[in-house]
Amino acid sequence: MFPFRDAWGDRLIRHPQFIEQARRFMHVIACVVDGLDPDLDTGSRGSAAQRLVRLGRKHVTIEGFLPDYFDVFTRAILSVWKQELKDDYTDETGDAWATLFAFLINNLKIGYEAEFKVRYMDENKR
C-alpha cells in the first residue's frame, strides 16, 4: 500500500514519500481545524466534512487498503500525540483531539462506504 512500508526509524522519516504522506495528513488536519464550526459534535455536514467524504471515497482505490485501517490509524495517532505532547497533554487536550479525529474518521468512513457500495455492491447486482 505504501512504498515506504519496509522502512523504519531514520530511514522512514527521511523517505520522500513518507514525508509527502505526512504533509498531506497535516494538510487534512489543518483543513478540518480551519473548517470547524459549533456544530462539530452534532455531525455538521459543512465543507470540511464534504472534503473528508470525498477523500474517504478515494481510499477505495488504494490497493491493499482496508476500512479497519481508519480505526487503527486513529488509535496510533492519538498515542503519538500523547507521547509527543508529553506534559502539555491533558485530558482536555486528549478529548479535543479525539473529537477532531472522530469527526475526521467518521466522514472518511462515510465516503469510503458510499464509494465501496457504488463500485462493488452495485456491481454484483448487474
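Taken together through direct or relayed side-chain contacts under 4.5 Å among Ile, Leu, Val, Met, Phe, Trp and Tyr, V72 and L52 form parts of separate hydrophobic clusters. Grouping the Ile, Leu, Val, Met, Phe, Trp and Tyr side chains by contacts below 4.5 angstrom, directly or via other members, places V80 apart from V33. Transitive grouping of hydrophobic side chains (ILVMFWY, heavy atoms separated by less than 4.5 Å) brings I77 and M26 into a common cluster.
Partners of E113 according to the side-chain contact (heavy atoms from CB on, under 4.5 Å) rule, which considers only residues two or more places apart in sequence or in another chain, are K109. For R54, there are no salt bridge (Lys or Arg N to Asp or Glu O under 4.0 Å) partners, not counting sequence neighbours.
Taking CG from N107 and CD from Q50, the interatomic distance works out to 9.5 Å, rounded to the nearest 0.5 Å. The line from CG of L108 to CZ of F70 is 5.0 Å long, rounded to the nearest 0.5 Å. Summarising the geometry, atom OH belonging to Y89 is positioned 7.5 Å from atom OG1 belonging to T93; distances are rounded to the nearest 0.5 Å.
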Candidate pair Y120 and F116, rule ring-ring contact (aromatic ring centres under 6.0 Å, His included), full reasoning: CA-CA 6 Å; Y120 301 108; F116 187 88; 4.9 Å; yes
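Taking the six-membered ring where tryptophan is involved, the planes of F65 and Y112 are tilted, since the angle between them lies from 30° to 60°.
Counting heavy atoms from C-beta on, the side chains of I29 and L104 come closer than 4.5 Å. Contact annotation: the side chain of T61 never approaches that of E115 to less than 4.5 Å [non-hydrogen atoms, C-beta and beyond]. Using a 4.5 Å heavy-atom cutoff, the side chains of V118 and R57 are in contact. Between R24 and V28, every side-chain heavy-atom pair lies at or beyond the 4.5 Å cut-off. Between T99 and F103 the shortest side-chain heavy-atom distance does not fall below 4.5 Å. You'll find the side chain of F73 reaches within 4.5 Å of the side chain of F25, heavy atoms only.
A ring-centre distance under 6.0 Å is not found for H59 and Y69.
Of all heavy-atom pairs between A98 and L78, the closest is N-CD2, 3.9 Å.
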